[in-house]
Amino acid sequence: MPVEVVRQGVWFRRWDEPDSARHELLAERLERVRRTRDAHEVAEFVSAYWELHAYFAELGKGVLLNTLYLSIMDLGTGYLRAKLADIDLAAVRLDPLAEAMEDLVDALERHDAPAAVAALHRTVPTVILPGGE
């Protein structure tokens with residue numbers, strides 16, 4: 001579903017609207033992803049990742065699509081949190097997901113739909129688990 005939103009250019013249309021506050025909010029959310037990754041704060045990282053995706057959902061214009069997107073994110077993040085409760089957090093690899101989020105933001109800023117879709121395909125939350133479940 002999010003891939004189709006990117007392909008249709010929904011995020012790009014909103015990206016062009018002049019709003020420095022939106023760009024500041026995006027930068028803050030991405031910085032939180034980076035900061036929690038660097039500190040290896042796994043629970044905070046998962047929350048930061050979810051909040052960044054929730055922000056992307058806000059950029060869309062379709063309430064139904066946005067709600068569906070967030071519902072899918074809730075399911076994936078809930079599953080991830082359940083898995084994290086049962087493993088050694090030292091074995092969790094936050095870099096792949098953080099890099100995918102950075103690449104997604106970069107692609108959106110450049111209006112590069114193929115790169116955004118490629119990055120979005122890599123934002124599967126379970127990639128941080130040992131073995132990349």
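The figures that follow rest on heavy atoms only: side chains count, while hydrogens, waters and symmetry mates do not.
At least one side-chain heavy atom of I87 sits less than 4.5 Å from a side-chain heavy atom of P130. Looking at heavy atoms from C-beta onward, Y49 lies out of side-chain contact with T36 at the 4.5 angstrom threshold. For the pair V124 and L97, the minimum side-chain heavy-atom distance is 4.5 Å or more.
Applying the side chain to side chain donor-acceptor pair (under 3.5 Å) rule to pairs touching residues 92-102 yields R34-E102, sequence neighbours excluded.
Considering only residues two or more places apart in sequence or on other chains, R35 meets the side chain to side chain donor-acceptor pair (under 3.5 Å) condition with none of them. For R81, the side chain to side chain donor-acceptor pair (under 3.5 Å) partners at least two apart in sequence or on another chain are S47. With sequence neighbours excluded, no residue forms a ring pair (Phe, Tyr, Trp, His ring centres under 6.0 Å) with F45. For E41, there are no side chain to side chain donor-acceptor pair (under 3.5 Å) partners at least two apart in sequence or on another chain. Every residue two or more places apart in sequence or in another chain that forms a side chain to side chain donor-acceptor pair (under 3.5 Å) with D74 is listed here: W50.
The cluster map of Ile, Leu, Val, Met, Phe, Trp and Tyr, joined by side-chain heavy atoms under 4.5 Å apart, puts L75 and L80 in different clusters.
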Audit row: R122, M101, side chain to side chain contact (heavy atoms under 4.5 Å, CB included) steps and yes/no: CA-CA 8 Å; R122 296 180 8 244; M101 295 304 294; over 6 Å; no
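Shown here for P114 and D112, the closest heavy-atom pair between the two residues is CD-OD1, 3.2 Å.
A side-chain donor-acceptor contact under 3.5 Å links H40 to the backbone of L89.
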